[in-house]
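First comes the structure, then the notes that go with it.
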Number of protein chains: 2
Amino acid sequence: MGVTIYDVAREAGVSMATVSRVINGSANVKPSTRKKVLRVIEELGYRPNAVARGLASKKTTTIGVILPDISSVFFAELARGIEDIATMYHYNIILTNSDQNIDKELKLIGNLLEKQVDGLLFLGSQVTEEHRRLFKSPVPVVLVATQDPKGELPSVHIDVRQAAYDAVSYLLKKGHRRIAFLSDRLSTSLGRGRYEGYRQALAEGGVEVDETLIVEVPPHYEAALKGMKTVLALQPRPTAIFAASDELAIAAVHAVQDAGLSVPDDVEVIGFDNTRIAQMVRPMLTSVVQPMYDIGAVAMRLLTKLIQNEDVPTKTVVLPHRIEFRQSTRPA
Amino acid sequence: MGVTIYDVAREAGVSMATVSRVINGSANVKPSTRKKVLRVIEELGYRPNAVARGLASKKTTTIGVILPDISSVFFAELARGIEDIATMYHYNIILTNSDQNIDKELKLIGNLLEKQVDGLLFLGSQVTEEHRRLFKSPVPVVLVATQDPKGELPSVHIDVRQAAYDAVSYLLKKGHRRIAFLSDRLSTSLGRGRYEGYRQALAEGGVEVDETLIVEVPPHYEAALKGMKTVLALQPRPTAIFAASDELAIAAVHAVQDAGLSVPDDVEVIGFDNTRIAQMVRPMLTSVVQPMYDIGAVAMRLLTKLIQNEDVPTKTVVLPHRIEFRQSTRPA
DNA sequence: CTGAAAGCGCTAACAC
DNA sequence: GTGTTAGCGCTTTCAG
């Protein structure tokens with residue numbers, strides 16, 4: 001590198017402190033000297049060293065983001081929401097993938113803390129006691145699309161259970177009694193929400209849960225396609241499918257079609273997340289809308305407030321969900 | 001925070017230097033004192049401050065990544081490749097979105113340089129002189145899925161022109177004479193590659209370019225769908241479509257179907273990138289495979305070498321491409 | 001094998 | 001308005 005604040009100070013005939021002031025936009029600088037300093041900065045091509053600044057100020061203007069997998073449409077969209085707001089508030093984000101692996105998550109949290117991030121955004125499966133211990137760090141943490149069963153940590157998400165409940169209730173109201181549930185993550189907190197909503201809706205609808213209609217598959221299209229074949233072979237066959245994600249829902253649609261049946265005439269399908277692909281398949285997918293971008297954006301905004309010690313009325317923000325009706329369900 | 005290297009040193013009855021040595025795994029420490037220090041570190045819950053370390057060592061073990069839009073499947077997949085290798089070599093990545101906006105790109109480069117990243121990965125449209133000036137920084141830069149017309153900067157990519165050429169040649173070989181080209185970015189370097197390949201193939205196939213068959217649309221499904229309607233209304237109608245991305249290709253497929261025609265019987269369609277959605281639509285999409293994950297991984301690996309001053313035989317690595325044949329084209 | 005000491009480049013009181 | 005002076009928490013010679 002080379003040119004430091006000291007070089008600028010010398011060249012401009014002022015002290016480092018003054019240079020620091022103009023860099024940081026402090027008001028207490030005479031316009032003429034500010035101008036002079038600015039010119040020297042320009043001439044020398046000076047670029048403040050953020051690491052040195054971070055050490056001195058104890059602020060890095062970077063925040064750490066831990067998510068399961070950036071290559072998933074869902075998290076990628078969310079990450080974009082985070083990054084946009086971060087940029088708006090002059091933060092950078094360090095992006096890390098955890099693959100929902102708890103050990104990795106823990107390691108990443110430690111790693112990011114060492115890097116002195118000003119805050120942490122955590123999107124994961126569960127929040128264990130070990131997580132909590134690390135989160136009792138000097139920097140604020142916001143859970144994103146992740147629920148804290150204990151409700152201790154700030155978080156931003158939709159009411160997944162209610163959303164699932166709504167979707168399944170809708171199906172019940174249309175007369176369906178054999179509704180399959182296709183999931184790739186029953187065990188995680190997000191997966192559980194969907195599962196609970198499904199059961200609750202059935203219970204309130206007076207339909208007994210048939211465990212054979214509940215299918216857990218690895219999180220890819222191919223696995224879901226295979227899993228659905230089994231379910232569709234059941235007698236009596238399910239007449240509706242509630243899937244935990246759009247990708248699974250699309251697999252469900254194709255499985256139905258491969259069985260020589262029609263969506264939505266023979267089987268209705270509802271997906272979850274309303275990712276972009278929902279409208280890129282035919283029939284277009286009816287899906288529970290989870291406002292991913294907004295969840296990320298709101299979470300990041302909340303984090304900035306926490307970092308700046310602004311008082312936040314409610315640390316748990318639940319964003320609204322809804323169902324986007326398209327062609328994989330019949331008009332009500 | 002609180003506990004520093006100094007605290008550990010005092011508590012363990014050694015000097016900071018020794019603590020530093022055990023942290024950094026230096027060989028020259030007596031096993032017994034190493035053990036003692038390690039125990040104290042554990043007891044105190046000491047966590048080295050990476051910022052201080054960065055200032056002293058002039059290495060941050062973080063690298064900057066500039067890409068157009070993480071919410072795009074293509075870049076998300078690529079980012080995952082980058083991050084995996086980065087993790088493997090103990091680097092973190094700062095992820096930034098440029099929206100292909102040159103001013104933003106320039107600002108981001110400066111920003112990341114200030115943060116003292118150890119290296120830069122740039123995925124963008126063009127490399128202007130201004131870019132070059134900034135890239136003459138003290139840290140290595142690798143272009144990712146981005147070509148440097150001048151071939152000065154290290155880069156990792158496929159031969160996009162050749163790939164497009166191959167796809168269009170394939171179509172020509174099957175007898176097609178009216179091949180539409182659907183693109184969302186004729187003007188960018190990547191877009192241009194596809195365009196050039198298209199023209200070259202036509203030229204060599206003895207088919208004159210019909211400008212009305214070349215459609216540029218905004219980069220979304222809906223826009224592409226609309227754009228294709230016009231093209232399909234042409235007389236004589238195109239019998240094949242080469243699309244610059246899978247999303248565009250899917251729109252093309254649907255436009256064909258909406259016109260009451262069949263893919264691939266009436267119109268054959270080839271996409272580009274072979275993203276996951278290619279196999280999630282029916283008919284499944286024939287697509288030019290661009291190994292996104294690998295491109296990211298190889299680029300990151302190359303960057304680590306450059307950072308460590310290992311000598312790199314060729315700074316421009318061209319990864320192989322191929323066409324994955326599925327149902328949107330007829331068997332040859 | 002270990003310690004002392006000099007920075008790394010900046011911010012933040014505190015004076016003037 | 002501006003300068004002086006301590007650090008921030010670590011790495012890194014250089015001695016011994």
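Proteins come first, then strands; the chains are lettered A, B, ... in the order of their sequence lines, and each starts at number 1.
Taking side-chain N and O atoms only, B/Tyr46 has a distance below 4.0 Å to OP1 or OP2 of D/dC10. Close to C/dG9, at under 4.0 Å from its OP1 or OP2, lies no side-chain N or O of A/Arg53. The side chain of B/Ser20 contributes an N or O atom lying less than 4.0 Å from OP1 or OP2 of D/dT11. Within the structure, every side-chain polar atom (N or O) of B/Lys58 is placed at least 4.0 Å from both OP1 and OP2 of D/dC10. For the pair A/Thr33 and D/dT2, the criterion of a side-chain N or O lying under 4.0 Å from OP1 or OP2 is met.
Other residues, nucleotides and ligands place no more than 12 heavy atoms under 6.0 Å from the CD atom of A/Glu42. Counting non-hydrogen atoms of other residues, nucleotides and ligands closer than 6.0 Å to NZ of B/Lys315 gives a total of 12 or fewer.
You'll find that the side chain of B/Lys30 is closest to C/dT2, out of D/dG9, C/dT11, C/dT2. Here C/dT2 is the nucleotide among D/dT2, C/dC10, C/dT2 with the atom lying nearest to any side-chain atom of B/Val29. For B/Ala17, whose side chain is taken as the heavy atoms from C-beta onward, the closest listed nucleotide among C/dT11, C/dG3, C/dG9 is C/dG3. Ranking D/dT2, C/dG3, D/dT11 by closeness to the A/Thr18 side chain, first place goes to D/dT2.
Here the side chains of B/Ile82 and B/Val65 are in contact, with some heavy-atom distance below 4.5 Å. Within the 4.5 Å cutoff, the side chain of A/Thr4 has no heavy atoms near those of the A/Asn49 side chain.
B/Arg10 places its CZ atom 14 Å from the C1' atom of D/dG9, with the value rounded to the nearest Å. Atom NZ in B/Lys115 sits roughly 16 Å away from atom C1' in C/dG9 (whole-Å rounding). Per the geometry, CD1 belonging to B/Ile23 stands 7 Å off P belonging to D/dC10, to the nearest Å. Counting to the nearest Å, the P atom of C/dA12 and the CG atom of A/Asn24 are 7 Å from each other. At whole-Å resolution of the value, CG in B/Asn49 and C1' in D/dC10 are 8 Å apart. Across the protein-nucleic acid pair, A/Ile5 atom CD1 and C/dC8 atom C1' stand 14 Å apart, rounded to whole Å. Atom pair B/Lys36:NZ and C/dC1:P shows a separation of 14 Å (rounding to whole Å applied). Whole-Å rounding puts the A/Arg47 CZ to C/dG9 P distance at 15 Å.
When each of B/Ala56 and B/Ser15 is assigned the nucleotide of DNA chain C bearing its nearest heavy atom, the one mapping closer to the 5' terminus is B/Ser15. Along DNA chain D, the nucleotide nearest to B/Arg21 and the one nearest to B/Ser57 differ in position, and the one closer to the 5' end is contacted by B/Ser57.
Among the heavy atoms of the strands, none lies under 4.0 Å from B/Val51. A/Asn28 comes within 4.0 angstrom of a base, heavy atoms only.
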Evaluation steps, side chain to side chain contact (heavy atoms under 4.5 Å, CB included), between A/Leu95 and A/Leu67: CA-CA 8 Å; A/Leu95 199 293; A/Leu67 47 72; 4.1 Å; yes

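B/Tyr6 contributes atom OH, which lies 11.5 Å from atom CD of B/Glu11 (distance to the nearest 0.5 angstrom).
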